Amino acid sequence: MTNTSLYGLSIEQIYNTLNLEKKFQAKQIYQWLIKGVTDFNLMSNISKNERERLINEYQSPISSKVIDTQIDESGATKLAIELYDGAIIESVMLVDKNERKTACLSSQVGCAMGCKFCRTGTMGLIRNLTASEIIEQFVHLRKLGNITHIVYMGMGEPLANLAPVLESIRFFHSEDAFFISLRRITISTCGIVSGINKITEQNLNVKLAVSLVSAENPLRSKIMPINDTFNLQQLKKSLLHYQNKGGSRFTLEYCMLSGVNCNLNAAKKLASFTNGLDAVVNLIPWNPAAELPWTTPSTEEINTFTKYLDEFHINYARRYTRGRSVNGACGQLATKNNKKEN
Ligand code: SF4
């Protein structure tokens, strides 16, 4: 694969990158790219000679390719995408009961955060993705259907690769590009307080989701090592700041692990943590991964836990797992054949 990508570039940058003779050619190429045409040869309003030159000199306007597609019964589709250097990432198109389609994008190859319930966490960090590589995932997924929402919830921690993530968001939101409302874009983090504070300072209008898993420091540290750097008190302080600065209602992702975090004590701690926060606790039964030691809670265990949450007046939603049978559900993304850099 070529490592040239035109996605994320302005018309002016395309003009300069491709050494085009006329500015209007850059505009034509930009418009083809937004339509999802990723082959110079198919850009029919560019002269044949120019198309041939572009193919000879740059091969392709896109730097990644889909190497595998898996679809599950809910319509969730997982793509394995090979990047220019041979690294492989996964991206998922989720379809909800109202047929709303959401692109779940990766921000890194692997992840350094090491959350114990997550397959990506077992890979370690291979490298960060560029803004172009993030945008290209959306371009590949959009060939499957009309995607209206984006979540940065695939492989990697978006707040650990913030600049390219923000650059990709600007492109997704741009009126000349995909024009996706910021309110339909969600950044999901394991709780990097410094990153949440940056989002607050920049007054981004995107939605925020924070992976909580436990509202008790010792247990959360055991499952999510980030808690040793930013503990629950620091996390809550930054969420209150986000909220006080006008940030919209956010989600606390709660991955339910049988026998671990779905009991009365966990509900009490959760009540105390959520007190004063304008948040919805999103209950996600753990998605099985053979190499990890957890068990998915039974329906009975989940029902008992939600009864406790009701008693404590905790605002929660039960999430029904989509994409699980293709390992495309939350925490299930991981790829082999990626070499870790020393
Ligand atoms: S849950 Fe997110 S932050 Fe944690 S290891 Fe997995 S990808 Fe990384």
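This one's a predicted model, so the numbers in the text were calculated from it and none came from an experiment. Atoms within each ligand, like the ligands themselves, are counted from 1 in listed order.
Checked by atom type and distance alone, the side chain of Lys236 pairs as donor or acceptor with a backbone atom of Asn275 at under 3.5 Å. In this structure a side-chain-to-backbone donor-acceptor pair under 3.5 Å is missing from Thr4 to Tyr58. Of the possible donor and acceptor atoms, none in the side chain of Ser238 sits under 3.5 Å from a partner among the backbone N and O of Val193.
Which parts of ligand 1 touch Cys190 is read off a 4.0 Å heavy-atom cut-off, strictly below it: atoms 3 (S). Applying the 4.0 Å criterion to heavy atoms of Cys118 picks out, from ligand 1, the atoms 1 (S), 5 (S), 6 (Fe), 7 (S).
Put simply, Cys115 gets within reach of atom 4 (Fe) of ligand 1, with an N, O or S atom under 2.8 Å from it. Note on Cys111: counted as a metal contact of atom 8 (Fe) of ligand 1, an N/O/S atom lying under 2.8 Å.
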Practice item. Could you check Leu283 against Phe305 for side-chain contact (heavy atoms from CB on, under 4.5 Å), going step by step and ending with a plain yes or no? Key: CA-CA 10 Å; Leu283 298 176; Phe305 188 55; 4.0 Å; yes
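The closest non-hydrogen atom to atom 2 (Fe) of ligand 1, taken over Gly110, Gly114, Gly156, Gly121, comes from Gly156.
Taking the six-membered ring for Trp and thresholds of 30 and 60 degrees, Tyr30 and Phe171 have ring planes more than 60 degrees apart, a perpendicular arrangement.
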